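To keep things clear, I will list the structure first and then write my remarks on it.
For ligands, and for the atoms within them, numbers begin at 1 and follow the listed sequence. All values derive from a computational prediction rather than experimental measurement.
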Amino acid sequence: MSALVEQIDKQRLPRHIAIIMDGNGRWAKEKGEDRLFGHFHGVESVRNIVEGCAELGVEYLTLYAFSTENWDRPEYEVVGLMELLVNTIRKEVESLNKNNIRLHVIGDMSMLPDYAKKELDEALEITRKNTGLNLIMALSYSGRWELLNAVKNIAYEVKSGRLNVEAINQDTLQRYLCTSGFPDPELMIRTSGEYRISNFLLYQLAYAELYFTNVRWPDFRKDNLYEAIIDYQGRERRFGKTSEQVTVEDKA
Ligand code: IPE
Ligand code: IPE
Ligand code: MG
């Protein structure tokens, strides 16, 4: 049993953890291998972290697997990633089901090749009734794509007379995001030493605690996750208020 996991306060777990799984390419290059070798090994980290979150009782885990900008990578890498995705889902869906994990996808599914869409739809259906961890894969996703989509759909509703402009509030906007139904992430982790958001959950991360580590994604394991959670639990989340205010509220 890991000593780190015992330092986690189970009463104050983040409900939703979001991860930018970065560094597969560099991990492979450092080993003199092709970038796809890194992606291949990244799957082992996904398995390990999904298991870690499920064991802890985290309710939502969002993994940034492929951004809308990643379509501009060399074709062989894009094709390799799509194949890896489809094969992984096919292989893992049974174990997701056994562990009561429900799969969700967010992103521009219209960009995905048909065979990938089909595989995903099946996995979504197979895990639909599960009530444990919600595993949200961000695929062909970007925050700007999502916001643009939301604005367009809200505009259609207004135009058709179903929605009154005056009635639009934060809740309305949230309903038009791909994440409606999920709480905002309290903790966002990015691996591999880059300090940026790269178009991930731009709206939802407004008050997330950000955690950056130099560990490359293929090396990221449960203990690294525990370290991030322990770090998160040591922070004071003020949401614009003063430290005195939030300390009083905590005690109330
Ligand atoms: C993250 O690793 C995986 C995807 C973006 C699909 P990268 O492929 O970005 O690896 P680096 O950042 O080039 O090392
Ligand atoms: C962000 O990583 C996207 C994913 C991890 C899926 P990138 O490697 O694409 O981001 P940049 O290019 O370094 O900002
Ligand atoms: Mg990268």
Side-chain angles (χ1 to χ4, degrees), residues 16-50 52-53 60-89 91-92 103-113 115-117 119-120 135-149 177-179 182 185 187-205 208 210-221 224-225 228:
H16 186 172
I17 298 178
I19 307 183
I20 302 180
M21 311 185 286
D22 197 19
N24 295 350
R26 278 163 285 167
W27 183 88
K29 210 170 154 199
E30 282 152 12
K31 295 185 154 41
E33 299 281 353
D34 185 82
R35 297 177 56 83
L36 286 176
F37 182 74
H39 297 315
F40 187 76
H41 278 270
V43 175
E44 194 47 50
S45 304
V46 171
R47 219 177 269 129
N48 192 267
I49 296 311
V50 167
C53 284
Y60 302 86
L61 171 66
T62 299
L63 298 177
Y64 202 7
F66 196 87
S67 72
T68 50
E69 287 77 20
N70 289 149
W71 288 113
D72 295 331
R73 289 195 177 187
E75 197 189 341
Y76 95 94
E77 184 172 346
V78 171
V79 171
L81 275 165
M82 286 302 130
E83 282 174 3
L84 183 63
L85 169 80
V86 168
N87 291 337
T88 305
I89 287 176
K91 258 196 267 171
E92 298 297 323
L103 185 70
H104 306 262
V105 239
I106 55 171
D108 185 0
M109 291 306 117
S110 71
M111 294 284 288
L112 292 181
Y115 72 96
K117 256 187 283 196
E119 198 70 38
L120 272 169
L135 172 61
I136 304 150
M137 295 300 291
L139 268 180
S140 188
Y141 172 88
S142 72
R144 288 185 173 180
W145 166 82
E146 176 184 46
L147 287 167
L148 182 64
N149 215 31
L177 300 177
C178 329
T179 52
F182 310 139
L187 171 62
M188 195 286 281
I189 300 171
R190 183 170 189 151
T191 60
S192 176
E194 305 294 355
Y195 300 88
R196 54 177 172 264
I197 306 286
S198 300
N199 222 343
F200 190 39
L201 301 175
L202 294 179
Y203 183 89
Q204 299 86 340
L205 292 177
L210 308 182
Y211 180 88
F212 298 96
T213 169
N214 288 330
V215 176
R216 307 254 191 255
W217 179 251
D219 287 330
F220 196 85
R221 287 293 180 275
N224 305 103
L225 172 74

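Between Trp71 and Phe66, the two ring planes are perpendicular [angle over 60°; tilted spans 30° to 60°].
No side-chain heavy atom of Asp108 sits under 4.5 Å from any side-chain heavy atom of Asn149. When side chains are defined from C-beta on, Thr62 counts as touching Phe200, because their heavy atoms get closer than 4.5 Å. Residues Met109 and Leu120 have side chains in contact (heavy-atom distance under 4.5 Å, counting atoms from C-beta outward). Contact of the Leu103 side chain with the Met137 side chain is registered, since non-hydrogen atoms from C-beta on lie closer than 4.5 Å. With a 4.5 Å cut-off on side-chain heavy atoms, Tyr115 and Glu83 count as touching.
Where the criterion is an N or O separation shorter than 3.5 Å, residue side chain and backbone included, Arg73 meets it with respect to ligand 1. Between Arg26 and ligand 1, an N or O atom pair is found at a separation short of 3.5 Å. Below 3.5 Å of separation, one finds an N or O of Arg196 facing an N or O of ligand 2. Considering backbone and side-chain N/O of Leu81, none are found under 3.5 Å from N/O of ligand 1.
Scanning the protein heavy atoms around atom 14 (O) of ligand 2, the nearest turns out to be Ser198 OG, 2.6 Å. Regarding atom 5 (C) of ligand 2, its nearest protein heavy-atom neighbour is Met21 O, 3.4 Å. The protein heavy atom nearest to atom 9 (O) of ligand 2 is Asn70 ND2, 2.9 Å. Closest protein heavy atom to atom 10 (O) of ligand 1: Gly25 N, 2.9 Å. Given atom 2 (O) of ligand 2, the protein heavy atom at minimum distance is Arg190 NH2, 3.6 Å.
With a 4.0 Å heavy-atom cut-off, ligand 1 is reached by the side chain of His39 but not by its N, CA, C or O. Neither the backbone nor the side chain of Glu194 comes within contact range of ligand 1; no heavy atom lies under 4.0 Å. Heavy atoms of Ser67 found under 4.0 angstrom from ligand 1: none, in either backbone or side chain.
A distance of 7.0 Å separates OH in Tyr64 from CG in Asn70, rounded to the nearest 0.5 Å.
Close contacts of ligand 1 with Ala65, meaning ligand atoms under 4.0 Å from a residue heavy atom, involve 6 (C). Ligand-side atoms of ligand 2 in range of Phe66: 6 (C), range being under 4.0 angstrom from any heavy atom.
Just one of Glu33, Arg35, His39 meets the side chain to side chain contact (heavy atoms under 4.5 Å, CB included) condition when paired with Phe37; it is Glu33. Put simply, the residue from Asn214, Val215, Asn224, Asp22 that forms a side chain to side chain contact (heavy atoms under 4.5 Å, CB included) with Thr191 is Asp22.
In this structure, Arg35 has a heavy atom closer than 4.0 Å to ligand 1. Judged by the shortest distance from any of its heavy atoms, Ser192 lies outside the 4.0 Å radius around the atoms of ligand 1.
The 12-atom threshold is not exceeded at NZ of Lys29, counting heavy atoms of other residues, nucleotides or ligands nearer than 6.0 Å. Around atom CZ of Arg47, more than 12 heavy atoms belonging to other residues, nucleotides or ligands sit under 6.0 Å away.
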Candidate pair Phe182 and His104, rule side chain to side chain contact (heavy atoms under 4.5 Å, CB included), full reasoning: CA-CA 11 Å; Phe182 310 139; His104 306 262; 3.6 Å; yes
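In this comparison of Ile20, Leu84, Asp22, the heavy atom closest to atom 7 (P) of ligand 1 sits on Asp22.
Proximity of atom 12 (O) of ligand 2 to the protein is not indicated, since no non-hydrogen protein atom lies closer than 4.0 angstrom.
Among the atoms of Asp22, an N, O or S atom falls under 2.8 Å of the Mg ion (ligand 3).
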